[in-house]
Amino acid sequence: MSEYIIKNGHVFDPVQGIKGDKKDIAIKDGKIVDKVGSGAKVIDASGKTVMAGAVEIHAHIAGPKVNLGRIYRPEDKLFTCTPTKGMERMGGGASIPTTFKTGYEYAKMGYTTAMEAAMPPLFSRHTHEEIRDTPIIDEGAFPVFGNNWFVLEYLKNHEIENAAAYIAWLLRVTKGYAVKVVNPGGTEAWAWGLNCLSVNDPVPYFDITPAEIVRGLIEANEYLGLPHSMHIHPNNLGNPGCYETTLDTMRLAEGFKAKNKFGREQVLHLTHTQFHSYKGTNWGDFESGAKEVTDYVNKNKNITIDTGNVTLDETTTMTADGPFEHHLTGLNHLKWANVDVELETAAGVVPYIYSPNISVCAIQWAIGLEIPLMMKDPMRCFITTDHPNAGPFTRYPRVFKWLMSAKARNTLIDSFKHKDKVLSQTSLGSLDREISLYELAQMTRAGPAKSLGLSAVCGGLKPGMDADVAVYNFNPDKPVANPDDIETAFSRCAAVFKSGVQVVSNGDIVSNGNKRTLWVDVKVNENAQVARDISEKFVKYYSMTQNNYEALGHHFVPNPFALEVDATQV
Amino acid sequence: METVTITMKNLPTLYLEADTISPDAFAGKTAAQIAELPAFEGNVPTTLGAYFTVSGSAGATAADTKIVVKGDVKKVKYLGFKMSAGELVIEGSTDLYVGAWMTGGKILAKGDVAAFAALAMKGGELTVEGNAGNYLGAAYRGDWRGMSGGKIFVKGNAGSDIGMYMTGGEITVGGDVDVHALTHAEGGKLIVKGNAKSKLGGQMVEGTIIVFGSIEVMMPGFKPNGEVELEVEGTKAKFAHFIGDTGERHKKKKGVMQYGNLYKKI
Amino acid sequence: MTKTITDVICPFCGTLCDDLEVVVSDDGKQLLEVYNSCVIGTEKFLHSQAKDRVTRPRMHQEDGSWKEVSYDEAVEYTAQMLAKAKKPLMFGWSSTNCEAQSVGNEIAEISKACCDNTAATCHGTTLIAVQDIGLPSCTLGEIKNRADRVVFWGCNPAHAHPRHMSRYSIFPRGFFTGKGQMSRKLIVVDPRCTDTAKMADMHLQVEQGRDYELLDALRVALKGEWLPDVVAGIPAEKIREAADTLKSGRFGIIFFGMGVTQSLSKNHNIDGAIALTKDLNEHTKFSIMPMRGHYNVTGSGEVFAWQFGFPFSVDLTRGFPRYNPGDTSTIDLLTRGELDAMFTIGSDPGAHFPISAVKPIANMPSVCVDPHLTPTSGVSKLHVPVAFNGVECGGNCYRMDNVPIDCRKVVEPPEGMLTDEQFLIKVRDRLKQLKGVA
């Protein structure tokens, strides 16, 4: 395998505490090493910024609802498709890119690992086919558990060991990565057209509350010692006043300590926090609850969050929060797709236009920026757009610009039709903090990798880690003349390495690399009860046989990378 | 106004995609430069000059440019694609996408136009002296934002699915229309001097349809609402008034429920 | 001695039953018996054992006779045809697996072709409606466990999806539907008195071509508005009674088929049905689902969509994907004389297309990849028989509710036969050489 030396760049690596020093990064046989021989290929990074490859902790990029979005939005691709070019396959999709394009766009921005945020287990073969067809980036997928009949039944009686055994089985048969929870209990209620809007609303028929589901899954997750924590999209997303539900949800983590061998320190990851930080009682008095939410997270160190930044684009919302999507189509009357999945979950899709001249959208945008600016620990706050819900992931460089330049933020606020509302309903106007490059590296590399339990693998440039490296045409020594230069620099890397293979050169794809599918292989003791429950439900209630559900052959996951967990000695 | 005349000299074996035949693409160019503009026959990149003789020269801007298209263009698609100003005269019948996505300017089609003419039109004028095909002034697939402005006048008949998801602008058809005119319309106006088939105004939220001739089968969602006298393009007459589609969602403006309005001459 | 293979997936229709058992000879070369399948599925498996199967490619001669050629010669003809064509169409894909569909996409991209699947004459109109108005739907297990109102509109599952009602929609006793068919009310909308209609609690014999009006009337009835006395041949009181029946349930489903997708109004019928479903969600829980025909047309749509962005009628001739049925769709391309080469796989357009669309195939370079002798192979220049997917090779397929199930190989194909995927890989590699692509 090749040897490379990335010379003379300004390195930002929170794993080693390097804050912009000029350092050489050596790559050999897919790993970062201390040094390489004189025959190594030289990448000149003088005047450039060097970081580890970025880690996307939450995006909807592979699977049935993503593809439903593609199928039902031909207009998302009108006049914007990209042609076959060199080794790049053709593609398209402004808010929901096709799989080839997804891989290329992430790689060109220096992202080398991405997590598909919600995989319905019955459809895991579909998710894996799309992951396989997404070039370059390593990917994992989070199966959803918060509305799963097995989980509801076990946790009602606090059967943690059984719940844990089921989780281990499901992660294996779906090659899943983590315990994802979306609108706990509410999405099962949605199968009857109902919902759970608070953590205490009981789920119809199953008679368990979201609070019990969440606490039980945190407990099961720590019982097993999984690499990532329970990852939650709380109840009541998107409604004015929902910040209370968010606080109630986070309080469920109190008293729990992370237990794992992967360096993870949180027990709860709160996702797309922007959508869960709304105060007010209706869209008229709608205001930001970012302070209340970030105050809580700042004090409670066993929680990590990601932002869910609104980018002010026409985009497509898609989530396993089925009832929310039905509510949204009632508001904007745009085409609504919905899929309820037997025994497991649901999904909804609705297009949405975040117009800068609608005050609600402008306030949402502001809340998305308040959150990271108010978070004290960048290692616990990660940047996302909940792609494509709050905006396409291709807008990350724009979000970085807003975070790194108060001038960029204020110029945009000045241009809003309802500027006064943004200033009165949020505190963004008074926040002059500017995120540094080091903090950016924490929020987009080291932080998410650690939260995912991947701190030994990626997110940093320490020798021994995977050689995932991004080089940006951004000189930290030069003052920024125009904030747009930040966006330009972070949109197209000078060079990107994935597992030691150069995949991007001067903004172009030069290799597809050898992407891996990350999943978690948990060994648990035999559990006859759970085995019997599983086979019974397949015979009686599923529409597919157990053997066919469990079939996930090599052609779906051609290059697996399993994180091994031994939970037999618990 | 400067005029460029292009004359078909070399018929394509398959079909020619000539989306560069518009005042916007021709503006500021000489005949020789215009002949070099790209076109496609299937997957083969080619030029306009391989199929047309080009004479005259364009104006400095689209607004100053007139194009006359002569010869057999029945297998040429996209004439007037995305034009924003200027004039286009098509002397014979032509194929798909005439004036598709146009935002301004004037097109005169002396023959027939095929499907997808004036797709998602935003402004300007399209006059068809022959017949128009299906999807005249309709939205692109999946888009809830259809024709929003401009005027279409068809002397002959029009096909099916015209004005789908229309939000503004006007379509006048001198002859008959086929099924599914103004489906899902949220605004805009359709005048049919001849007869309409069925499914007229299905799922309409708002907008206006005026029919002088017969309507084969009325949509059940159109409720009789008395009679009115209207003056339509210089003609005064009595019309039966229907409001609908009552199966669809509607909103109130100043306390008054807004419906689609369908008028059928008595 | 024999062995029994369980959990076998039936590769015929969109019901994609996965509980079949197939008995094969110990050496895996002979397929002997099929259990649990309907007659159609059973025949799908058993007919693969026909003694007179065509096992090698054949080229159509000038005098109308056929001459056997090797797979290599077939690869060469196909690759040359696609390399030279200005606007080739690669059509079908519905009776093969996703792995083969994916290789087909590579070929279409390299040769700058159009590609389309059988939705073009089937549920393509459903996809157009979904693009215009969305799709509230669910998986088939939800019907089994929850549904107490079932509508079959313009479809006849008793004949076309024989085990659908017993596996999912009418008879099963699910978690919340312990009384089986007694828990459910069935409404059938069909101009004909079919075997399915005979089972209905209510049969609305809609006037042909007036489904769109009836759907509108149901929406009007839900809103309590004025209705004319009769709509589509159905009296207004009956329409109101149907609307009440639908909204009084706690979980409803509308299944629909060719009766509405390919009759007058086409996509508008489906659009109206989806609009009705949306309206019903204001009263109770309701979903809608197309009865997909071929067992993997859904898969073809999924693979086209995640790779090119559109589910059918995809035009790659300009080097990037474009889509607009009416322009990029197969029947229009053929009848308007837009194509100069035709590649068909996993479908039989010769049997299903209007004759005006079949004739052009006979007059251009054409390849038909199919284990059978069909009307399509009959008009093509080259016929390439392949192994039966889902019988003689495995591969992923998508059910009518988009659920993916990995089909199994149960028996060996005849000696020396290639699978779709194997043939396509050879074509792709040869095409790359011809085009000078890495």
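Below, chain A is the first sequence line, B the second, and so on; all start at residue 1. Not measured: the values here are computed from a predicted model. What you see below is based on every heavy atom in this structure, not just the backbone, and it leaves out hydrogens, waters and symmetry mates.
- For the atom pair OH (Tyr212(C)) and OG1 (Thr183(B)), the distance works out to 4.5 Å, reported to the nearest 0.5 Å.
- We find the NZ-CZ distance between Lys112(C) and Phe40(B) to be 7.5 Å, quoted to the nearest 0.5 Å.
- Between Asn43(B) and Pro88(C), the closest side-chain pair of non-hydrogen atoms falls below 4.5 Å.
- Within the 4.5 Å cutoff, no side-chain heavy atoms of Arg249(B) are placed close to those of Lys278(C).
- Scanning both residues, Tyr165(B) and Asp132(C), for their nearest heavy atoms gives OH-O, 2.8 Å.
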Inset, instruction - Apply salt bridge (charged side-chain N to carboxylate O under 4.0 Å, His left out) to the pair Glu248(B) and Lys223(C), showing each step before the final yes or no. - result: CA-CA 9 Å; Glu248(B) 189 50 67; Lys223(C) 292 189 159 69; over 6 Å; no

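- Residues Arg219(C) and Thr246(B) have side chains that never bring a donor and an acceptor to within less than 3.5 angstrom of each other.
- Because its NZ or CZ atom is both nearer than 6.0 Å to the ring centre of Tyr15(B) and within 45° of the ring axis, Arg336(C) counts as a cation-pi partner of that residue.
- Atom NZ of Lys435(C) sits in a crowded spot, with more than 12 heavy atoms from other residues, nucleotides or ligands closer than 6.0 Å.
- With rounding to the nearest 0.5 Å, the separation of CG in Leu119(B) from CG in Asn324(C) is 6.5 Å.
- Among the residues in residues 259-266 of chain B, those with a non-hydrogen atom closer than 4.5 angstrom to a non-hydrogen atom of chain C are Tyr259(B).
- Note: His180(B) and His268(C) have parallel aromatic rings, judged against thresholds of 30 and 60 degrees for the angle between ring planes.
- Applying the ring pair (Phe, Tyr, Trp, His ring centres under 6.0 Å) test to Phe52(B) and every residue at least two apart in sequence or in another chain returns nothing.
- Atom CH2 in Trp226(C) sits 11.5 Å away from atom CZ in Phe222(B) (nearest 0.5 Å).
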Inset, instruction - For the pair Glu17(B) and Arg322(C), evaluate salt bridge (charged side-chain N to carboxylate O under 4.0 Å, His left out) and give the outcome as yes or no after the intermediate values. - result: CA-CA 13 Å; Glu17(B) 292 190 15; Arg322(C) 296 186 299 164; 3.0 Å; yes

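- Scored by the salt bridge (charged side-chain N to carboxylate O under 4.0 Å, His left out) test, Lys223(B) finds Glu225(C) as partners (sequence neighbours excluded).
- Residues of residues 199-207 of chain B lying within less than 4.5 angstrom of chain C, judged on heavy atoms, are Lys199(B), Gly202(B), Gln203(B) in numerical order.
- Under 4.0 Å is where a charged nitrogen must lie from a carboxylate oxygen, and between Asp327(C) and Arg141(B) no such pair does.
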Legend entry - Worked verdict on Val44(B) versus Lys86(C) for side chain to side chain contact (heavy atoms under 4.5 Å, CB included): CA-CA 6 Å; Val44(B) 178; Lys86(C) 290 198 234 185; 3.6 Å; yes

